[in-house]
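Everything numeric in this text was worked out from a predicted model, so none of it was measured. Naming: A, B, ... by sequence-line order, numbering from 1 per chain.
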Number of protein chains: 2
Amino acid sequence: MNDLAQLNSKPFSDPNVPKAVVSRLSLYLRELQQLLRVGIATISSSKLGRRLGVTGAQVRKDFAYFGQFGYPGIGYRCEELIVQIRKILGTDRTWPVALIGCGNLGQALLGYHGFSKQGFCVEVAFDVDPNIVGQTFEGLKVQHLDHLPQIIEQRSVKLAILAVPANAANKAVDELVKAGITGILNFAPVTLNVPKNISVVGVDLAMELEQLAFAVVKQVAK
Amino acid sequence: MNDLAQLNSKPFSDPNVPKAVVSRLSLYLRELQQLLRVGIATISSSKLGRRLGVTGAQVRKDFAYFGQFGYPGIGYRCEELIVQIRKILGTDRTWPVALIGCGNLGQALLGYHGFSKQGFCVEVAFDVDPNIVGQTFEGLKVQHLDHLPQIIEQRSVKLAILAVPANAANKAVDELVKAGITGILNFAPVTLNVPKNISVVGVDLAMELEQLAFAVVKQVAK
DNA sequence: TAGATTGTTAATCGATTAACAATC
DNA sequence: TAGATTGTTAATCGATTAACAATC
């Protein structure tokens with residue numbers, strides 16, 4: 001990337017960036033890291049797109065929201081582009097994450113270190129069940145939810161993974177918001193009520209399976 | 001719903017239905033079930049929309065792809081609409097699901113019975129690790145992946161949850177596709193290469209957290 | 001009946017794609 | 001240089017919203 005690109009790059013907080021673009025950015029990042037692992041240093045927009053089911057034009061347009069990262073006649077250098085995307089997403093640093101709910105799923109998430117490579121680290125874990133509070137999982141001692149405010153303020157935690165039962169979710173969310181959490185990854189199968197400055201990403205297993213069921217039925221109908 | 005609505009309802013396999021509509025259908029379904037639980041029998045498109053962050057017009061348009069389910073002047077009857085949406089999604093019956101990979105995450109998913117209410121039942125579980133094959137989790141004995149074809153054919157399993165390590169994902173997928181699986185819920189953080197008649201829904205924790213990080217950074221910048 | 005709300009059409013808005021001069 | 005590919009503009013496509021007659 002040349003110096004001009006740096007100077008011309010638009011502010012990363014451009015409010016006009018569509019959500020779909022940001023989510024593809026994550027997809028590009030994952031694929032570029034894969035490319036690097038298999039020893040590919042440079043890739044064109046159309047080749048990158050083909051791997052992910054999008055057009056080359058879209059790949060270029062997506063990056064163009066944030067600056068000029070490519071080389072005409074050559075393509076994109078994977079290593080450089082990875083650095084740029086991480087900077088855009090804000091994962092060029094490590095984010096401490098709070099885990100709320102250390103039951104079945106919560107414990108599995110603690111054991112899954114896949115996202116630590118991407119700049120996220122579950123540093124604190126909470127629950128309300130007296131049988132779980134005080135236990136240690138993956139070297140992390142579960143705290144009572146009552147201690148949330150002081151702990152996450154002290155560590156400036158902004159992100160939380162919510163893995164509590166559906167009927168406890170919205171009460172927990174109120175606590176999280178009051179404590180200063182601004183991004184929530186929600187595994188509870190309910191709509192969360194949050195102020196509009198709080199971001200929520202939901203993962204609902206049943207809903208994902210429903211999408212598949214529809215697609216499978218549609219396919220059979222053909 | 002009147003009889004005419006039945007007669008007029010478009011085929012559920014209408015290829016023109018956008019993906020976004022189908023995914024909102026799942027969201028409506030979840031919310032309607034919640035409404036029913038709290039004793040609300042009837043709801044207007046705008047009230048339902050407000051709860052989910054979409055407009056009333058969009059709610060009505062979404063349903064209009066599939067038929068006429070509402071009552072002018074009254075709204076929609078939750079119970080009826082639930083039945084209709086399940087019929088559309090194909091979850092008016094139970095789908096057997098195969099779980100591939102019974103490590104950390106796989107075991108947690110087995111323990112999470114949240115999606116069984118929605119018509120999905122993990123009936124068979126597979127792994128390749130000799131330390132895991134043969135063990136029983138939640139009353140389910142883990143089979144070796146080699147036995148996949150015969151077992152899923154015998155039970156006509158069409159859906160699989162893939163919870164294997166990233167480097168094993170694409171090899172496993174080849175087996176699944178060969179065996180006749182046509183819908184895959186992928187938890188491995190890699191792009192799956194599948195024929196175009198196979199549906200894949202991906203859940204990547206790192207990617208979801210990245211979306212939150214971006215949103216949080218953007219919000220702070222305001 | 002009057003009030004409320006649907007289903008649907010037309011208008012608007014936004015996102016994707018095609019095309020191509022500029023560049024390496 | 002010739003070939004390849006970018007960044008960007010204009011054209012296309014699709015999805016959302018506004019509006020309203022029909023209906024309960």
For C:dT23, the nucleotide meeting Watson-Crick or G-U wobble distances (both under 3.5 Å) is D:dA4
| message | What contact category does B:Ser45 fall into here, base, sugar-phosphate, or nothing, at under 4.0 angstrom with non-hydrogen atoms? | response | sugar-phosphate
To the nearest angstrom, the CZ-P distance between A:Phe63 and D:dT6 comes to 10 Å
Would you check if there is a donor-acceptor pair between the side chains of B:Ser26 and A:Glu210 at a distance under 3.5 Å? yes
Taken to the nearest whole Å, CG/A:Asp62 to P/C:dG14 is 17 Å
note: B:Gln68, atom CD; D:dA22, atom P; distance rounded to Å ~ 15 Å
Out of D:dT5, C:dT16, D:dA18, minimum distance to the side chain of A:Pro72 belongs to D:dT5
Whole-Å distance, A:Lys61 NZ to D:dC13 C1', equals 13 Å
Rounded to whole Å, NZ of B:Lys19 lies from P of D:dT16 at a distance of 14 Å
In whole angstroms, the gap separating C1' of C:dT6 from CD of B:Glu80 amounts to 14 Å
- prompt: Under 4.0 Å: is that the gap between some side-chain N or O of A:Thr55 and OP1 or OP2 of C:dT16?
  reply: no
5'-most contact on DNA chain C (nearest-nucleotide basis), A:Val21 vs A:Arg60, goes to A:Val21
Have a look at B:Tyr76 and say if it touches a base, only the backbone sugar-phosphate, or nothing, with a 4.0 Å heavy-atom cut-off. sugar-phosphate
Pairing partner of D:dA15, by Watson-Crick or G-U wobble and under 3.5 Å for both distances, is C:dT12
Here the distance between atom P of D:dA4 and atom CG of A:Leu48, to the nearest Å, is 19 Å
Here the pair of heavy atoms bringing A:Val59 nearest to A:Gly49 is CG2-CA, 3.8 Å
It should be established whether A:Gln58 places a side-chain nitrogen or oxygen under 4.0 Å from OP1 or OP2 of nucleotide C:dT16. yes
I'd like to know if the side chain of B:Asn170 reaches the main chain of B:Asn193, judged simply by a donor and an acceptor atom lying under 3.5 Å from each other, with no hydrogens or angles considered. yes
Donor-acceptor check, side chain of A:Arg77 to backbone of A:Thr42, threshold 3.5 angstrom: yes or no? no
Main-chain N/O of A:Val22 paired with B:Gln211 side-chain donor or acceptor, under 3.5 Å: yes
Testing C:dT6, D:dT16, C:dA22 for proximity to the side chain of B:Ala20, the answer is D:dT16
B:Lys47 atom NZ is separated from C:dT6 atom C1', nearest whole Å, by 14 Å
